[in-house]
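Input: a single structure, listed below in structure tokens.
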2 protein chains.
Amino acid sequence: MDTGDRLLTPGEVAALFRVDPKTVTRWAAAGRIGSIRTPGGHRRFRESEVRALLEGEGMLDEVDDGIANRPRNAGPAAPSGPGPAGAGNMGMH
Amino acid sequence: MDTGDRLLTPGEVAALFRVDPKTVTRWAAAGRIGSIRTPGGHRRFRESEVRALLEGEGMLDEVDDGIANRPRNAGPAAPSGPGPAGAGNMGMH
DNA sequence: CTACAATGGGGTAATTAGGGAG
DNA sequence: TATGTCCTAATTACCCCATTGT
């Protein structure tokens, strides 16, 4: 089966997710989605990958008794440790 | 077959139902409404599904006359079997 | 080469997610 | 039980303009 040779533009992906084209660019910059760059620097995305993301079928680890890890942070770099971010915060109002 | 690919943001759905966006998030967390997550973690809802819920086509057994003799339990009390899940989705976490 | 739409990059507001308490 | 509100962090949306693509 085709691996999805069809490439989509940021605007197409943005329309599929109902987000801004800039947001799609951020996903690529964060490594959350594969991106192919044109000689000019613009990005192209694989239709198959986008579709998998849309349905969340990227990883089927749905088990009631098993704790599936959150689809958070799929790249090599951790955005920011949710741990010591705000030591002793939380709704203390 | 266009199932209404248009996706709505939590704020839009909340405005349609006249509730807080937080409430819509709870519905999605409870699996009462299908939700698509963006790579960033935000949720998007299908316009068609929201419309069906607004019409009350999700569950039609409210035409009962005995409201007084009906306990506060409507439908399958067991959260394990949401039968009429039209645009079936998967409850993630 | 010029014209127009879209994209990329940076920066700042608005929205959203998640938890806790009423 | 279900819904609305408060707080913090993360994500997203809209502003600018230079460059790319057709």
Side-chain angles (χ1 to χ4, degrees), chain A residues 6-47 50 53-54 56 58 67-93, chain B residues 6-47 50 53-54 56 58-59 62 67 70-80 82 89 91-93:
Chain A
R6 189 160 23 180
L7 297 176
L8 299 178
T9 62
E12 291 280 10
V13 180
L16 261 41
F17 279 92
R18 190 54 170 93
V19 295
D20 216 82
K22 289 295 170 38
T23 302
V24 181
T25 297
R26 287 199 202 91
W27 295 344
R32 288 187 164 118
I33 182 174
S35 59
I36 299 176
R37 313 267 299 212
T38 65
H42 285 195
R43 280 174 245 247
R44 291 282 125 84
F45 305 91
R46 294 192 180 278
E47 198 256 354
V50 173
L53 254 44
L54 267 174
I67 297 298
N69 59 23
R70 295 276 223 67
R72 232 166 166 170
N73 176 335
S80 20
N89 42 11
M90 267 38 170
M92 238 182 281
H93 117 97
Chain B
R6 290 179 297 177
L7 297 176
L8 300 177
T9 60
E12 288 280 33
V13 180
L16 262 39
F17 282 93
R18 303 282 307 183
V19 296
D20 263 358
K22 192 72 168 193
T23 303
V24 180
T25 296
R26 286 191 184 122
W27 293 344
R32 288 204 257 228
I33 182 173
S35 59
I36 298 179
R37 312 271 298 224
T38 64
H42 283 202
R43 292 190 183 89
R44 293 278 120 97
F45 304 93
R46 292 195 179 275
E47 203 264 0
V50 172
L53 255 34
L54 279 169
M59 24 186 62
E62 224 59 56
I67 300 177
R70 180 187 280 262
R72 210 47 271 192
N73 251 345
S80 323
N89 226 343
M92 294 186 182
H93 104 275

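These numbers come from a predicted model, not from an experiment. Letters go in sequence order (proteins before strands), and every chain restarts at 1.
- The six-membered or imidazole ring of A:Trp27 lies away from that of A:Phe45, with a centre-to-centre distance of 6.0 Å or more.
- Between A:Thr23 and B:Thr38 there is no side-chain heavy-atom pair separated by less than 4.5 Å.
- Looking at which nucleotide of DNA chain D each of A:Val19 and A:Pro39 is closest to, the 5′-most match is held by A:Val19.
- Separating the CD1 atom of A:Ile33 from the P atom of D:dT12 is a distance of 12 Å, rounded to the nearest angstrom.
- Using a 4.5 Å cut-off on side-chain heavy atoms (C-beta onward), B:Arg44 and B:Thr9 make contact.
- In terms of phosphate contacts, B:Thr38 brings a side-chain nitrogen or oxygen within less than 4.0 Å of OP1 or OP2 of D:dT12.
- Along DNA chain D, the nucleotide nearest A:Thr23 and the nucleotide nearest B:Arg18 are compared for position; the residue whose nucleotide lies closer to the 5' end is B:Arg18.
- Side-chain atoms of A:Val24 and A:Phe17, non-hydrogen and from C-beta on, never get closer than 4.5 Å to each other.
- At a threshold of 4.5 Å between non-hydrogen side-chain atoms, the residues A:Ile33 and B:Pro39 do not count as touching.
- Between A:Trp27 and D:dT12, a side-chain N or O to OP1/OP2 separation shorter than 4.0 Å is present.
- Between its opening and closing five pairs, the helix from C:dA3-D:dT22 to C:dG19-D:dC6 changes axis direction by 50°, a value rounded to 10 degrees.
- No side-chain heavy atom of B:Leu7 sits less than 4.5 Å from a side-chain heavy atom of B:Glu47.
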One character per nucleotide, please: for nucleotides 6-13 of chain C, 5' to 3', B when the base has a protein heavy atom closer than 4.0 Å, S when only the sugar-phosphate does, - otherwise. -BBB-B--

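- Around atom CZ of A:Arg37, more than 12 heavy atoms belonging to other residues, nucleotides or ligands sit under 6.0 Å away.
- Contact annotation: the side chain of B:Asp20 never approaches that of B:Thr25 to less than 4.5 Å [non-hydrogen atoms, C-beta and beyond].
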